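One structure is given here, and the rest of the page talks about it.
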Amino acid sequence: DPVVFALLIAAAAALVVRFRRSRGVERQQVKWLAYAAAVMAGRMGPALTVDAAVGRQMVDADELVADLAARGLLGRVVLLHLGNNGPFTAEQIDQVFAAIGPDRTVLLVNVLVPRRWEGEVNDQLAAAAARHPNAVLVDWRSLVTSEAGLTTEDGFHLTANGAQRYADLVVGQVPSA
């Protein structure tokens with residue numbers, strides 16, 4: 001589809017611009033975000049739409065999801081990995097599920113972040129998975145704490161191996177057609 005191809009090119013260009021303008025930790029985040037997206041795209045092919053941003057919050061996700069759905073870009077599987085940058089309420093995540101709809105599988109990836117809200121976020125994600133039958137909880141936290149070398153010195157930004165393992169974990173949870 002030419003529209004999807006154009007959107008992928010635009011997204012890649014935006015990522016390059018963001019990378020060139022960033023410094024320090026933000027540059028590292030953009031680099032690993034791009035790497036993880038490339039690995040997942042290589043595994044999932046044209047069925048994958050990536051819309052990722054450094055610092056995104058759950059409060060922004062319902063409008064983003066609704067926009068992607070309106071443009072026909074929301075696939076049958078939606079990956080949500082939000083909460084690294086702050087907590088959210090049950091109402092906020094339920095609004096995201098409402099925007100996604102009941103007919104799509106939602107992969108909720110829990111977090112490992114050395115912040116006071118880590119436990120609260122992971123509890124909210126587990127509770128949402130229990131409330132929504134189309135949700136699958138992806139236990140990133142258990143994987144990243146059980147394997148050395150998946151994060152940088154800060155304990156939550158990914159190494160190349162971490163990005164690869166993240167992609168392996170997520171792709172392994174995508175239901176077959």
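Since this is a predicted model, take the numbers as computed values, not measurements.
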Is there side-chain contact between Asn110 and Val121, with heavy atoms separated by less than 4.5 Å?
no

I'd like to check Leu80 versus Val109 (side-chain heavy atoms, cut-off strictly below 4.5 Å). Are they in contact?
no

Applied to residues 92-110, the salt bridge (charged side-chain N to carboxylate O under 4.0 Å, His left out) test, sequence neighbours excluded, yields Asp94-Arg131

Scanning both residues in full, the closest heavy-atom pair of Pro175 with Thr105 reads CG-OG1, 3.8 Å

For Phe88, enumerate each residue passing the ring-ring contact (aromatic ring centres under 6.0 Å, His included) test, keeping only those at least two apart in sequence or located in another chain.
none

Go through the structure and list residues passing side chain to side chain contact (heavy atoms under 4.5 Å, CB included) with Ala135, not counting sequence neighbours.
Phe97, Leu108, Ala129, His132

Partner residues of Arg115 under the side chain to side chain donor-acceptor pair (under 3.5 Å) criterion, sequence neighbours left out:
none

Pairing residues for Asn84 by the side chain to side chain contact (heavy atoms under 4.5 Å, CB included) criterion, not counting sequence neighbours:
His81, Val111, Val113

Smallest heavy-atom separation, Leu125 atom then Leu82 atom, equals CD1-O, 4.4 Å

Residues at least two apart in sequence or cross-chain that pass side chain to side chain donor-acceptor pair (under 3.5 Å) with Gln124, listed by chain then number, are none

Search all heavy atoms of Asp62 against all heavy atoms of Val59 and return the closest pair with its distance.
OD1-O, 3.4 Å

Derivation and outcome, side chain to side chain contact (heavy atoms under 4.5 Å, CB included), residues Val144 and Thr151
CA-CA 8 Å; Val144 77; Thr151 61; 3.5 Å; yes

What pair of heavy atoms forms the shortest contact from Val96 to Ala61, and how long is it?
CG2-CB, 3.6 Å

Side chain Gln173, main chain Val170, donor-acceptor under 3.5 Å:
no

Mark yes or no for whether Gln57, through its side chain, and Asn85, through its backbone, hold a donor-acceptor pair below 3.5 Å.
yes

Polar side-chain atom of Thr159 near backbone of Gly149 as donor-acceptor pair, under 3.5 Å:
yes

Scanning both residues in full, the closest heavy-atom pair of Tyr166 with Trp140 reads CA-CZ3, 3.5 Å

All side chain to side chain contact (heavy atoms under 4.5 Å, CB included) counterparts of Glu120, not counting sequence neighbours
Pro87, Trp117

Is there side-chain contact between Leu158 and Thr152, with at least one heavy-atom pair below 4.5 Å?
no

So CG of Asn122 and CG of Leu112: to nearest 0.5 Å the spacing works out to 8.5 Å

Looking at side-chain heavy atoms only, is the closest gap between Leu64 and Arg56 below 4.5 Å?
yes

side-chain hydrogen bond (donor to acceptor under 3.5 Å, both in side chains) pairs touching residues 141-150, sequence neighbours excluded, are Glu118-Arg141, Asp139-Ser142, Glu147-Arg165

For Asp67, the side chain to side chain contact (heavy atoms under 4.5 Å, CB included) test, sequence neighbours excluded, returns Arg71

